[in-house]
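Numbered from 1 within each chain, the chains take letters A, B, ... in sequence-line order.
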Amino acid sequence: MLVTRPLMGTVFRLTVPDGAPGPAVDEVFAWLEWVEATFSTFRPSSAISRIGAGDLDPSEAPTEVRHVLARCADLEEASGGRFAIRPGRLGGPGIDPAGFVKGWSVDEAAMLLRSRDIGDFSIYAGGDVLCGGVPPSGDRWRVAIRHPERPDEAYATVLEIAGGAVATSAAYYRGDHIRGSDRGDIASVTVIGPSLGVADALATAIFADQAESLDWMKGFPDFGVLLLGTDGMMRWTAPLDGLIADGGPGNRR
Amino acid sequence: MRRVLAISILSGASVVFAFRFTPPQSGAVTTDDASPYEIITTTTRVSPGVTATPLPPLTTTTTLPLPPGVKVIQGPLVRMNRGVVQVTITLQYGAVTDIEMTRYPTSDRRATQISLDAEPYLEREALETQSADIHIVSGATETSYAYIRSLREVLEEARISSDR
């Protein structure tokens, strides 16, 4: 069963086995809609907008909002400031934890599914994915990573994982050139690990500073990094070793 | 397997493996200096008449009188690298009854099929991944971003006009 819904400015897709209880699927989307309403910086009435405007003290915000803000603060510290809560839209007053919220909402949705005995699932949220249990075919989830030069048509590689989060941050089609170096630019950063909220935040942070340093990633031993360079090279950290199933045509192992 | 390089190019010993991935097979990608997903028109309300768009229409928009309570709103044209995306919604007494992709990149084979409703479009994109023995794809597609951008804009316009 595949359910697609536009949410949080992107596309969400939930795949669960046929015969999974419909109410559980409805619960997942009700949860995601609640997250969108609570954390939207587009809605002046949302908790996050009211905090940004000074109308709501964070200590009086819903538990989930306080939790997200605390996790964002932790991530900011652990990443040496590479990940940070963005200011409000258009540089106005306010805060925007969207870089963490989308993935975190998916982590929570997965817990909800498991609590309803749906252990085999995949959730796609705007290019980031979280999967668990057994895939529809085979033993391990095969997650393709879009080719940075032709993201709509080609995959650069395929990861084979037992489950977990895969988040990709890229600048497909960006007109502005980021920065040149001997090794070329980083065209796309993929992070895998047990949490999509964290993986998404890390991918964004690593992409933003073009993987200038990854030493700080020692603070995230459960997360692996895959870099696709404009020089055509794929580079990855140890947690990903053995999970790369396909280097693309001509590069099969 | 061609392991081309195994060097630590980053500070520290974090990155331990490198490997060449294959360039795409077909022609070079033309890059556009314009920012992706740039909105090139604002939302146009076309009900009850139809306002012509500056580009030739790819689908025929109805000029028949609309049933009572029905309103058609075109989303903005959103420019992306491979073309222009536009979403048009139909409302009946304020509720969205239809979402149509009224403009799409002509190079997009998936989108040029006859049925252009929102769900089929996005689901076809999802289902396509299953043909290559792949369960799911990481990395967002440009078309779905442009689609969502136009859809959000037109839904916002619908909300505002229903508040009036």
Side-chain angles (χ1 to χ4, degrees), chain A residues 2 4 6 9-11 13 122 124 126-129 131 135-137 141-147 149-158 166-168 170 172-175 183 188 190 211 213-215 217-218 225 227-228 232-238 241 244 247-253, chain B residues 1-5 7 9-26 28-29 31-36 80-82 99 105 107-108 110 118-119 122-123 125-127 129-130 132-145 147-149 151-152 155-156:
Chain A
L2 170 67
T4 305
T10 187
V11 185
R13 275 186 210 119
S122 70
Y124 169 98
D128 301 329
V129 305
C131 42
S137 59
W141 291 91
R142 288 176 58 84
V143 182
I145 310 298
R146 288 192 193 283
H147 198 292
E149 286 175 49
R150 296 187 82 83
D152 287 276
E153 292 151 42
Y155 308 131
T157 187
V158 177
V166 181
T168 297
Y172 307 142
Y173 301 103
R174 274 174 70 139
R183 59 186 160 89
S188 128
T190 297
S213 161
L214 287 180
D215 282 351
M217 279 293 292
K218 287 172 190 157
V225 182
L227 307 173
L228 302 182
M233 296 299 290
M234 180 160 76
R235 299 174 171 92
W236 65 92
T237 61
D241 205 27
I244 297 170
N251 277 310
R252 288 171 199 282
R253 307 207 246 188
Chain B
M1 164 186 167
R2 284 187 299 160
R3 179 163 289 177
V4 183
L5 274 175
I7 53 167
I9 44 87
L10 301 159
S11 60
S14 302
V15 170
V16 288
F17 299 109
F19 192 89
R20 185 168 295 280
F21 63 95
T22 309
Q25 306 296 314
S26 39
V29 175
T31 50
D32 190 339
D33 284 339
S35 148
M80 57 174 207
N81 183 267
R82 291 176 304 129
I99 303 172
S107 63
D108 193 332
R110 290 163 296 180
E119 295 271 309
L122 294 170
E123 293 196 4
E125 185 189 55
L127 290 167
T129 63
Q130 300 182 8
D133 192 23
I134 283 163
H135 299 118
I136 197 159
V137 180
S138 182
T141 67
E142 192 195 20
T143 307
S144 52
Y145 268 131
Y147 171 88
I148 291 291
R149 181 83 195 266
L151 179 60
R152 289 184 76 85
L155 289 174
E156 181 69 8

Legend entry - Max heavy-atom pair count under 4.5 Å with chain B, selected residue of V166(A), T190(A), D128(A):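 Most heavy-atom pairs within the cutoff with chain B belong to V166(A).
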
Inset, instruction - Look only at the side chain of H135(B) and the backbone of R142(A), and say whether a donor-acceptor pair between them is shorter than 3.5 Å. - result: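 Answer holds: yes.
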
Inset, instruction - Please check if the side chain of S138(B) supplies one atom and the backbone of G127(A) the other of a donor-acceptor pair under 3.5 Å. - result: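 Checked: pair present.
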
Inset, instruction - Can you see which heavy atom on V129(A) is nearest to which on V137(B), and at what distance? - result: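 Closest heavy-atom pair between V129(A) and V137(B): CG1-O, 3.7 Å.
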
